[in-house]
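When a residue number appears, it is its place in the shown sequence, counting from 1. This structure is a prediction, so every number in the text was calculated from the model and none was measured.
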Amino acid sequence: MQQQIFTDGIGRITVIGGVVRLDFVSYSPTDTDAGGHPRQIFTQRVVMGIEAFLRSSAKCAETTQLVS
């Protein structure tokens, strides 16, 4: 089996010098914010060029169309 990475979502997307950085987050099982909600914790970063990011965004849009 190939390695899999679980994430609860993307916390931040940054574009610097033609490179896109996607910061993935997971909810903390123990740490909460002032409202008592689980705090998001940075877990992993994916770095890719803008062209790859645009292709990935198009794939995400296609998938969204399929499930809605």
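Looking only at distances, a side-chain donor or acceptor of T7 sits under 3.5 Å from a matching main-chain atom of V25. Not one N or O on the side chain of D23 forms a donor-acceptor pair closer than 3.5 Å with the backbone of R45. With hydrogens and angles ignored, the 3.5 Å screen pairs no side-chain donor or acceptor of S28 with any backbone N or O of Q40.
I50 and V47 fall into different hydrophobic clusters, where Ile, Leu, Val, Met, Phe, Trp and Tyr are joined by side-chain heavy atoms under 4.5 Å apart, directly or via other members. Note on M48 and I13: same hydrophobic cluster, where clusters join Ile, Leu, Val, Met, Phe, Trp and Tyr whose side-chain heavy atoms are under 4.5 Å apart, directly or indirectly. Linking Ile, Leu, Val, Met, Phe, Trp and Tyr residues whenever their side-chain heavy atoms come within less than 4.5 Å leaves I41 and L22 in two separate clusters.
In R12, the CZ atom is not crowded: 12 or fewer heavy atoms of neighbouring residues, nucleotides or ligands sit closer than 6.0 Å. Crowding of Y27 atom OH: a count of heavy atoms from other residues, nucleotides or ligands under 6.0 Å not exceeding 12.
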### Task
Show your reasoning for whether side-chain contact (heavy atoms from CB on, under 4.5 Å) applies to F24 and I10.
CA-CA 4 Å; F24 291 102; I10 297 174; 3.7 Å; yes
### Task
Might you work through the side-chain contact (heavy atoms from CB on, under 4.5 Å) test for D33 and R39, ending with a clear yes or no?
CA-CA 6 Å; D33 64 14; R39 189 176 302 278; 4.0 Å; yes
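The side chain to side chain contact (heavy atoms under 4.5 Å, CB included) test with F53 singles out one residue from V15, V46, V20, and that residue is V20.
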